[in-house]
Structures are given as C-alpha cells and as structure tokens.
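Written out below as structure tokens is the structure these notes cover.
Sequence lines set the chain letters: A, B, ... in the order given, protein chains first and strands last, and positions in each chain run from 1.
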Protein chains: 2
Amino acid sequence: MRLSTKGRYAVTAMLDLALNGTEGPVTLADISENQGISLSYLEQLFAALRGKGLVRGVRGPGGGYYLGRPADEISIADVICAVDEWVEFTRCNPRPSSADTQRGMTHSLWDDLSQQIYDFLTKITLADLVKRGLEREAERKQGKSAEDLLDLNHRAA
Amino acid sequence: MRLSTKGRYAVTAMLDLALNGTEGPVTLADISENQGISLSYLEQLFAALRGKGLVRGVRGPGGGYYLGRPADEISIADVICAVDEWVEFTRCNPRPSSADTQRGMTHSLWDDLSQQIYDFLTKITLADLVKRGLEREAERKQGKSAEDLLDLNHRAA
DNA sequence: GAATTCCCCAGTAATTTACTCGGTTAAGCG
DNA sequence: CGCTTAACCGAGTAAATTACTGGGGAATTC
C-alpha cells in the first residue's frame, strides 16, 4: 500500500464528486479551484480514475464528471490504487529459502501489514466518509453554542 | 497520514531489529545487506528513529542498534511518523465558514479518514506483526518434516 | 459554428528519495 | 597505546516522483 499527496488529491476530488455530483456533473475547473490543484494535473488523475471506471466524463457545455459507481460502492482503496500505480514489490522470492531468511521474513511481515491496511481501506467507502462528515456536522450544530469544541468528549462516550 | 517506500524501509528495518535484536545489537551494515538499502540512507533513517527514541545505538565493535522500547510498545504509526516528517496540512480553517464550505468539507473528510488510518496503525505494533508472522509460519509448517529453516521459532522461545 | 469541456500528450520545474563521499567520535581489543 | 569497528554527522548529488505548463484535439451544447 502507498499513501501520498497524490492519493489525497484523488480522494478529495472524488469526495467533491460525491458531494456535488447529485445535481449534475462537476467540472474539473470547479475542483481545480476548490482544491487548489492545477487543471492539467487533475486531468491526469482523472484519466487514471476513468481508466478504472471510477468516474465517468461528460463532454461539452454543462458537462463534467460523475462518479462511475454509487458512492457506497467506491472504496478508498479503489481510488488510491487507481492513481498510485501500486507496483508489487513482493516479487522477490516466492518461498524463502533457508539461506537468506532475513530479507524474506521482514518483507513478508511488511506484506502482511500492507495487506491489513489495504483491507482496512477497502472497507471504507466514499459514502462512509460523507455520512460520518454529515453526522459530525449535524451533532456539532445540534443546539450546541459554547461546548461545541468539546464534541470529542461525548463522542468518545 | 503518509505511507511511502521510506516508511516501508523504516518499518522493515525495525522489524529486523525486533527479529534479530534478541541476542545482541544489529549493525546497520547487516540491515543494509539484508534489505538492500544503502548504509548512509539507513543512517539517515535511523537518525530520525533515534531522535524519537525508537532505537538505541551502541558504538564500537560488537555494537549496533537495539529497539528503544519493547517491540509491543512500538506501533507502526510511531515508526512511520518518525521518518515521514508528518506535516499537518489541516491548518487551513479551524471551523468551516459557510462561505467556502466546499474545500473545507472535503478537507475535513480527508482529515477524518487520515485520522482513522492513523488510529489503525497506532494499534498495530512490531510485536503484533512478528507474532502474526510466526503463527503463519507455524501453521504453514504444521505437519512438515523440515523444520530446519525456521530457527526463528526456537530463537524466540 | 462558437463556446465549453473532456481528452491527450510532450516537456519541465519542483520536490522527494536515495545514494556517494568525506569525515568525527566512542568503544573494544591486542 | 594504536587499531579496528561501528555509530554518528553533514554536504553534495543522481534518480525518481510530483505537480505543473502549454500545446493541441474531439465531443457536445446553444
């Protein structure tokens, strides 16, 4: 697994689509302005996302991008893997021979961790994040005037 | 959160210490050879790790590095944060004003995700990975006659 | 047919990664 | 005491990635 600013751009852009794509497509120009990323760089990212079917482009005036699937069927892992190339570095030794067990051992341990992270991010969808965000917004707004900063406390409770 | 090859190097190196540090310190030269990383680059990484108290260096002949704490008290998040600088990109707006809600919204959603990943990696320790690895090895070997390759088992015992 | 917007690609500045190379300091050993 | 080993330290740099610039094209709408 790999988690870079590139992946962050992709995820936030996808979240932008999830939030604003309900009433018509979202243009890259909008996202570019919203997120402060250059248009051409966004185009590159979206070329990758489109290649994986995560977004769908509509040309012409009034055009833009939709999510390729419902937001609850797009995981964070999907998005990050689409833009981050995700090369396998595991290809070294299929079975660790008794000679150089060390490298094989640490690598397989890392692979295990990497897999855990990947599984974790597979279970989180764009819809999940949006939902959590809305809930947080709601409970922050809910009749709270002064103790709104400390929503962390009763959220933990 | 950020997850790069640099973080991977750090984690695998720390796993190397966790696996081999039981009977004396491990030299960077060894790790360099095991993991295929250059010595000086390792020195840089270990300078950062040492700065966070995650490793402890011993000079002179027979010297090397120990883990700074027991392996079950060092989380993956600790290791990755030590080498990856972990700059905050959240500092933009404390509370999103209703004006430019868009950028603030997607950013806070990302921050939420980032926090989730961080929490996840905080709960995984070096010891956890080693334990899982040994268990997997054990169950793979179960019924196997050639237990010669796994000196790890009786070294941990 | 003109504006809009996706689409595509080549080049490149900026940043990060990873390394080379030069040393110094502390510790062990004969 | 010298000698070796290894951690420590820092400047400089190749390589890779990130992020952008700029040039076009193709589909769609008005």
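If you check every strand for non-hydrogen atoms under 4.0 Å, B:Phe46 touches nothing. Contact annotation for B:Thr27: backbone-only contact, meaning every heavy-atom pair under 4.0 Å involves sugar-phosphate atoms and none involves a base.
OP1 and OP2 of C:dC21 both lie 4.0 Å or more from every side-chain N or O belonging to B:Tyr41. Applying the 4.0 Å criterion to OP1 and OP2 of C:dA18, one finds that B:Thr5 has a side-chain N or O inside that range.
The 5' end of DNA chain C is approached more closely, in terms of each residue's nearest nucleotide, by A:Gly64 than by the other of A:Gly64 and A:Ser40. Where A:Gly60 and A:Leu39 meet DNA chain D, the nucleotide closest to each residue was compared, and A:Leu39 sits on the side nearer the 5' end.
In this entry the distance linking CD1 of B:Ile37 with C1' of C:dT20 reads 16 Å, nearest Å. To the nearest angstrom, P of D:dC20 lies 12 Å from CD of A:Gln35. A straight line from CG of A:Leu45 to P of C:dC9 spans 16 Å, rounded to a whole angstrom. Note: CG (B:Leu28) to P (C:dA18) measures 16 Å, nearest angstrom. Nucleotide C:dC7 holds its P atom 12 Å from the CD1 atom of A:Ile31, rounded to whole Å. Remark: C1' of C:dT16 and CZ of A:Arg8 are 15 Å apart, rounded to the nearest angstrom. Across the protein-nucleic acid pair, A:Lys6 atom NZ and D:dC20 atom P stand 12 Å apart, rounded to whole Å. Atom CZ in A:Arg56 sits about 17 Å away from atom P in C:dT5, given to the nearest Å.
Judged by atom type and distance alone, A:Gln44 does not reach the base of C:dC8 through any side-chain donor-acceptor pair under 3.5 Å. For D:dC9, the base has a donor-acceptor partner in the side chain of B:Glu43 [N/O atoms by modelled type, under 3.5 angstrom]. For A:Arg59 against D:dA26, a side-chain N or O and a base N or O form a donor-acceptor pair under 3.5 Å.
In this structure, B:Lys131 does not pair ionically with B:Asp72, as no charged nitrogen and carboxylate oxygen lie closer than 4.0 Å.
Taking every side-chain heavy atom of B:Ser38 into account, C:dT20 is the closest of C:dT4, D:dT18, C:dT20. Each of C:dT20, D:dT17, D:dC8 was ranked by its minimum atom distance to the side chain of B:Arg50; first place goes to D:dC8.
For the residue pair B:Thr125 / B:Asp128, a side-chain donor-acceptor distance below 3.5 Å is found, with atom types taken as modelled. Side chains of A:Ser114 and A:Asp111: a donor-acceptor N/O pair is absent below 3.5 angstrom, by distance only. Between the side chains of A:Asp119 and A:Thr122, no donor-acceptor pair is found at a separation under 3.5 Å.
Of the possible polar contacts, one joining the A:Asp78 side chain to the A:Ser75 backbone as a donor-acceptor pair under 3.5 Å is found.
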